[in-house]
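Data first, discussion second: the structure below is written as C-alpha cells.
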Protein chains: 2
Amino acid sequence: MATSSKPALPVIRRLPKYYRYLVNMQQSGKKNVSSSELSKIMGTTASQVRQDFNCFGGFGQQGIGYKVDTLVTEIRHLLFGDGQPLPTILVGAGRLGTAVSQFLMRDANGYSLLAAFDNNPQLVGKTLNDIPIRHVDELRSFCSQHHPQVAVLCLPREGATQLSSTLVELGVKGFWNFSHYDLSVDYPQVMVENVHLGDSLMSLGYHMRNL
Amino acid sequence: MATSSKPALPVIRRLPKYYRYLVNMQQSGKKNVSSSELSKIMGTTASQVRQDFNCFGGFGQQGIGYKVDTLVTEIRHLLFGDGQPLPTILVGAGRLGTAVSQFLMRDANGYSLLAAFDNNPQLVGKTLNDIPIRHVDELRSFCSQHHPQVAVLCLPREGATQLSSTLVELGVKGFWNFSHYDLSVDYPQVMVENVHLGDSLMSLGYHMRNL
DNA sequence: TTATCTTTGACAAACATTTGACAAATATAG
DNA sequence: CTATATTTGTCAAATGTTTGTCAAAGATAA
C-alpha cells in the first residue's frame, strides 16, 4: 500500500530491464506474473523484485502476483512521464551519430528527434532518416525557435565542452553524451548521461583476462 | 603493501575511468598525483581512491602521492593483460556495426578486429575501414581457422541467440552485445557485456522528469 | 637537525543494498 | 466450508560499499 519513499538509484537502474521483460510478456499475452517468476528471468531474487515494486507503491495481489499490464503502465509512466516525447536534437552526424539517430527513431520511446547538426559541409543538407542535417551555425537560431530539451552529443571531445554550455544557455535540460570524456555540467537542473563504450569494453577485457 | 584480496565489482567498474584520467595526466606530463586531487576530478572521495588502489597493492608514497606512470602501467595491465590484443570479430555490419567497428579500431585498446560478417548480400564484399565484410555462412570456417576470442554482436535480436551458441562452440570467450536483449550464455567461462543504449536513455528520461 | 606539512595505508564506523523470514491475503482443491 | 497452496508487503538481519580518522612515513623549510 504505497510506502512511497523515493526509490534508490539501483532500483531506478533496474527499471528499464523490468520494462523490457514486462513488455515482452505483455506482447505474448501473459496477464500475471509473480515476483519469483520475474526474479528468475531477471537473474535476481524474488525479494528484490517485491521490494523494488514497493518503492512505487505495491500493485501486487497476494495469492496472484502482479498484473503485467499494471506494471507496464506504472513503469512506463515513471520512465516516460505522461507520454509527451522529449524534443531532441542530435549534434554530430558521423557514423556514430547516424547509428544513434536510427536507434532513437526506430527503437526508443519517449523522444522525438527534431534535427541533426554537423560542421562537416559534406554532410550538411543531407538527411538522416528524414531528418535534415543542418550546419552547427544554425544551432542557436534553431534552439531559440524549437526549444529542444535533450541533446545527443556524437562529436569529438574537443567541441563538446563548449557546445554543452551553449546548449544549456539555450534551454537544453538533458544530455546523452557519446563523446569520449565525462561531460559534467554545473547547472543543477541539467542531467547528463555519459555513455562510455570504451569503459564497457574495458570491463569485458578485465573479466575475460581475470577469470 | 599488496593487501591483495580480489577487488569488488564497483572498484573494477571504476578502473576504466581512472585509466582515462590518468592517461590524460600522463600525456600532459604530470608525474605525481595525490588521492585528493584524483578524487576531485573523479567526483568521489580521496578515501575511496586510496582504498581502490589498495585492492591491487598500494603503489603510493606517503608525502608524495602516486606516480602517474606506475598507476597507468598497473591499471593497463589489469585491463589489457600483457598487451596481446584479443582477436575479435564483428557480426552485423549495419550502421551500428559500422560505428562500433570504427570505435574498436580508432579508439579502443586491447582488441584487434579480424573480420566482419553480415547476411545482407549488398554489404558482403565491401570493406569496413580495411576489414572485409564476409557472409555469415563463412563464420564457421573462419573461426575454425582464426580462433577469434571476442565477438561483437550488432545484429537484430532474432539472430543473436542462436548465433551466440554457435560462436561459443567455435571458441569465442567473450561477447560485446549490442542486440536489444540480454544475452546470457550458460557456459561459465564465457563473459558477456550487454550494452543497452535504451536503458541508458530511459534512465536519462527518468531523471529529467523526476527532478 | 628539528619542526611542520603532506599524504598514504589501515581500520572502524556509517551508510546502503540485498536477502531471508513470516504474517496476512487471496486463490484453489477437497 | 475448511484446509492447503501461493504470493504479497514488511521488517529485520546479513552483506556490501563508502567514508572518516589517525598513526606512520616521507618531504620541505628553517
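Every chain is numbered from 1 and lettered A, B, ... according to where its sequence line falls, protein lines coming before strand lines. Computed from a predicted model, the values in this text were never measured in an experiment.
In this structure, A:Q48 places its CD atom 20 Å from P of D:dA12, rounding to the nearest Å. Taking atom NZ of B:K67 as the reference point, atom P of D:dA27 lies 10 Å away to the nearest angstrom. In this structure, the CE atom of B:M42 is 12 Å from the P atom of D:dT19, given to the nearest Å. Nucleotide C:dA16 holds its C1' atom 11 Å from the CD atom of A:Q51, rounded to whole Å. For B:E37 and C:dT6, the CD to P distance is 14 Å, given to the nearest whole Å.
Of the listed nucleotides (D:dT19, D:dT7, D:dC22), D:dC22 has the atom at the smallest distance from the side chain of B:R50. In this structure, of D:dC11, D:dT19, D:dT8, it is D:dT8 that holds the atom nearest to the side chain of A:S35.
Using the Watson-Crick or G-U wobble rule with both distances under 3.5 Å, C:dT18 pairs with D:dA13. With a cut-off of 3.5 Å on both pairing distances, D:dA5 has no Watson-Crick or G-U wobble partner at all.
Ring centers of A:F117 and A:F142: under 6.0 Å apart, within the cut-off. Aromatic pair B:F103/A:H180: ring centres closer than 6.0 Å.
Of the N and O atoms on the side chains of B:Y21 and A:D182, at least one donor lies less than 3.5 Å from an acceptor on the other residue. Side chain to side chain, A:R95 and B:T98 fail the donor-acceptor criterion of an N or O pair below 3.5 Å. Side chain to side chain, B:D69 and B:Q26 meet the donor-acceptor criterion of an N or O pair below 3.5 Å.
For the OP1/OP2 pair of C:dA10 and a distance below 4.0 Å, the side-chain nitrogens and oxygens of B:N54 include at least one atom meeting the criterion. A:T45 has a side-chain polar atom (N or O) that falls below the 4.0 Å cut-off from OP1 or OP2 of C:dT19. In this structure, A:Y66 does not reach the D:dT6 phosphate: none of its side-chain N or O atoms is under 4.0 Å from OP1 or OP2.
Here A:S34 lies in heavy-atom contact (under 4.0 Å) with sugar-phosphate atoms only.
For D:dA5, the glycosidic angle deviates from 0 by 90° or less, giving a syn base.
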Intermediate values then yes/no, ring pair (Phe, Tyr, Trp, His ring centres under 6.0 Å), A:Y18 and A:F53: CA-CA 10 Å; A:Y18 283 121; A:F53 290 168; 4.9 Å; yes
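Residues from residues 9-29 of chain B that place a heavy atom under 4.0 Å from any atom of DNA chain D, listed by number: B:P10, B:R14.
Closest approach of B:N194 and B:Y181 over heavy atoms only: OD1-O, 3.8 Å.
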Where protein sits on nucleotides 25-30 of chain C, one letter per nucleotide: B base, S sugar-phosphate only, - none, heavy atoms under 4.0 Å: BBS---
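Considering CG of A:L153 and CG of A:L90, their distance stands at 8.5 Å, rounded to 0.5 Å.
A:R14 and A:D52 are joined by a salt bridge, as a carboxylate oxygen and a charged side-chain nitrogen come within less than 4.0 angstrom of each other.
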